[in-house]
2 protein chains.
Amino acid sequence: MGARVARGFGQYGGVARAVERVGERWALLIVRDLLAGARRYSDLKAGLPRIPTNILSDRLRELQDAGVVRRVPVVRGGYELTELGRALEPVVLALERWGWSTLGEPGDGEVLTADALAVSLRAAFQAEVAAAMPPTEYVLHVGETSVSALVAARTLDVMPIGSGAIPQPRARMAAAPVADVLELLVAPAAFRDLLTDASALRANALGDGPTVLVGGPALVDRFHRTFRIVTVGPAGEAAAGAGAGEASVA
Amino acid sequence: MGARVARGFGQYGGVARAVERVGERWALLIVRDLLAGARRYSDLKAGLPRIPTNILSDRLRELQDAGVVRRVPVVRGGYELTELGRALEPVVLALERWGWSTLGEPGDGEVLTADALAVSLRAAFQAEVAAAMPPTEYVLHVGETSVSALVAARTLDVMPIGSGAIPQPRARMAAAPVADVLELLVAPAAFRDLLTDASALRANALGDGPTVLVGGPALVDRFHRTFRIVTVGPAGEAAAGAGAGEASVA
DNA sequence: CGGGATCCCAAGCGATACTG
DNA sequence: CAGTATCGCTTGGGATCCCG
């Protein structure tokens with residue numbers, strides 16, 4: 001039986017405590033998937049194909065002990081985030097943004113799930129830019145998975161397509177009249193370029209580029225401005241200094 | 001020999017890749033300390049008293065392989081973050097903020113280092129609030145460690161006091177004429193209350209409350225508005241086994 | 001003396017099998 | 001479907017040892 005007491009770091013501080021609570025292997029990926037809504041044990045396992053079942057079981061218990069996750073009352077094997085768990089959203093989104101800087105081509109047998117895609121879109125979402133645009137629905141087919149992202153004003157609502165997840169009460173912005181719909185078919189690596197690289201827009205004719213199923217170039221451009229992740233130097237070899245006017249520590 | 005190939009999660013996504021790179025035990029604490037500036041091997045070990053030396057060695061090599069850390073050319077045993085590593089700052093600060101929600105009393109033999117304290121202050125820093133205040137220096141003695149935080153306009157500069165770290169070229173905001181100085185002596189747990197709890201300000205007369213060495217109540221109030229971390233969930237409650245019934249937002 | 005490498009043991013992880 | 005039990009392998013922890 002797992003779920004041992006988290007080995008401490010001997011440090012009194014936020015980072016140390018946070019890593020003690022959610023730093024175990026697989027834990028943040030479970031949180032990432034639960035961030036998209038309540039999930040059953042089998043949903044989590046399906047979204048994390050490589051997780052051993054005992055580890056999933058251990059992590060869920062540890063996350064419950066940490067007050068991050070709780071069981072959904074009625075649903076058998078249902079789990080959801082507590083308020084404390086939902087407060088991890090900035091952490092997960094920050095990790096998502098950073099991770100894209102080091103994301104190359106999809107590796108051997110790597111999957112891209114709907115919940116991961118939803119987090120990517122939320123991490124890339126530019127609320128201020130979106131505020132100036134008319135309501136738009138973006139239907140994305142990335143690799144095997146499909147999601148629908150509804151943007152209205154400065155809000156984003158991502159919903160997996162064709163998933164058997166626990167029905168969410170999340171009212172999809174009901175009364176928003178969506179006039180503009182963009183539907184894209186794109187390979188995972190090209191999706192990365194789409195989110196991170198400004199020039200990917202122009203490379204539309206390339207073999208791996210996005211295929212527009214519904215909508216026109218103007219909507220592709222709108223997507224590109226609404227969803228963007230700024231990456232930093234690949235090898236990080238660039239010169240130091242030149243930091244923006246942020247807090248600095250000596 | 002350590003520094004094995006990071007075991008993958010089989011996922012193509014930012015969070016998964018990020019956790020593969022910096023999710024190993026101790027790695028983010030090393031990044032946290034390097035965020036305060038270049039450090040020598042012995043500095044890192046001193047700031048992380050419980051880290052085994054072989055693990056520190058392994059992590060530093062792995063972080064170099066990941067492009068997060070590089071050696072400082074001249075300094076023997078010196079390490080610093082690359083640009084990619086510095087891009088982890090939002091991740092570390094988000095973790096720091098979240099961690100304070102679950103931070104109770106200092107545990108058995110837990111230390112609070114100057115680098116950790118610096119990150120706490122940067123995570124709590126309210127730039128917009130500070131912009132409206134005159135330049136101020138805050139000297140904090142929390143437990144055994146002391147730092148000086150210089151706030152001018154919307155910038156924060158934290159400097160450890162009495163540390164033998166590698167001299168940083170970062171010019172401390174030179175020409176800022178600091179008229180107001182607040183010097184506080186406070187226990188770690190009371191420091192937590194100071195950052196997270198609005199009422200702690202009033203509990204000044206309590207035994208564990210902050211002791212004002214230099215400055216007046218107005219400056220304490222200014223500190224309290226300049227540095228703040230908003231916590232969620234069961235504040236100050238450590239690892240509640242039975243999750244209290246929290247509101248579920250749908 | 002600081003910066004690391006080596007060893008050994010315990011604990012965590014992963015794959016599979018099994019049960020309510 | 002939702003986990004638990006078991007077992008071998010890999011990692012982390014702590015002490016020691018080595019090298020410049």
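Excluded from the calculations below are hydrogen atoms, water molecules and symmetry mates; all remaining heavy atoms, backbone and side chain alike, are included. Within every chain, numbering begins at 1; the chains are lettered A, B, ... in the order of the sequence lines, protein sequences first and strands thereafter. Keep in mind the model is a prediction, meaning the values are calculated, not measured.
Between A:Trp26 and the phosphate of C:dC13, there is no side-chain N or O to OP1/OP2 separation shorter than 4.0 Å. The side chain of B:Arg71 places an N or O atom within less than 4.0 Å of a non-bridging phosphate oxygen (OP1 or OP2) of C:dG4. Considering only side-chain N and O atoms, B:Thr53 lies nowhere under 4.0 angstrom from the phosphate OP1 or OP2 of C:dG4. Close to D:dG12, at under 4.0 Å from its OP1 or OP2, lies a side-chain N or O of B:Arg59. Dashed line: the shortest gap from a side-chain N or O of B:Tyr79 to OP1 or OP2 of C:dG4 is under 4.0 Å. In this model, the phosphate group of D:dC1 is not approached by any side-chain N or O of A:Ser42 to a distance below 4.0 Å at OP1 or OP2. At D:dT4, one or more side-chain N or O atoms of A:Ser57 fall inside 4.0 Å of OP1 or OP2 (strictly under the cut-off).
Both A:Arg76 and A:Pro52 lie near DNA chain C, and the one whose nearest nucleotide falls closer to the 5' end is A:Pro52. Each of A:Arg50 and B:Tyr41 lies near DNA chain C, and the nucleotide nearest B:Tyr41 is the one positioned closer to the 5' end.
B:Arg21 and B:Glu62 are not joined by a salt bridge, as no carboxylate oxygen comes within less than 4.0 angstrom of a charged side-chain nitrogen. Under 4.0 Å is where a charged nitrogen must lie from a carboxylate oxygen, and between A:Arg122 and A:Glu96 no such pair does. Salt-bridge formation is detected for the pair B:Arg17/B:Glu20: a Lys NZ or Arg NE/NH1/NH2 atom is positioned less than 4.0 Å from an Asp or Glu carboxylate oxygen. The pair B:Glu83-B:Arg86 does not meet the salt-bridge criterion, since no charged nitrogen lies less than 4.0 angstrom from a carboxylate oxygen.
In this structure, CZ of B:Phe9 is placed 11 Å from C1' of C:dC13, rounded to the nearest angstrom. Atom CG of A:Asp43 and atom P of D:dC1 are 10 Å apart (whole Å). Regarding B:Ile55, its CD1 atom lies at a distance of 13 Å from the C1' atom of C:dG12, rounded to whole Å. D:dT11 atom C1' lies 10 Å from atom CG of B:Asp58, rounded to whole Å. Counting to the nearest Å, the P atom of D:dT4 and the CD1 atom of A:Ile51 are 14 Å from each other. Across the protein-nucleic acid pair, B:Lys45 atom NZ and C:dG3 atom P stand 9 Å apart, rounded to whole Å. Rounded to whole Å, the distance from CZ on A:Arg25 to P on D:dC9 is 19 Å. In this structure, the CD1 atom of B:Ile30 is 14 Å from the P atom of C:dG3, given to the nearest Å.
Looking at B:Asn54, its side chain comes within 3.5 Å of the base of D:dG14 through a donor and an acceptor atom.
Taking the ring centre of A:Tyr41 as origin, the terminal cationic atom of A:Arg76 falls outside the region bounded by 6.0 Å and 45° from the ring axis.
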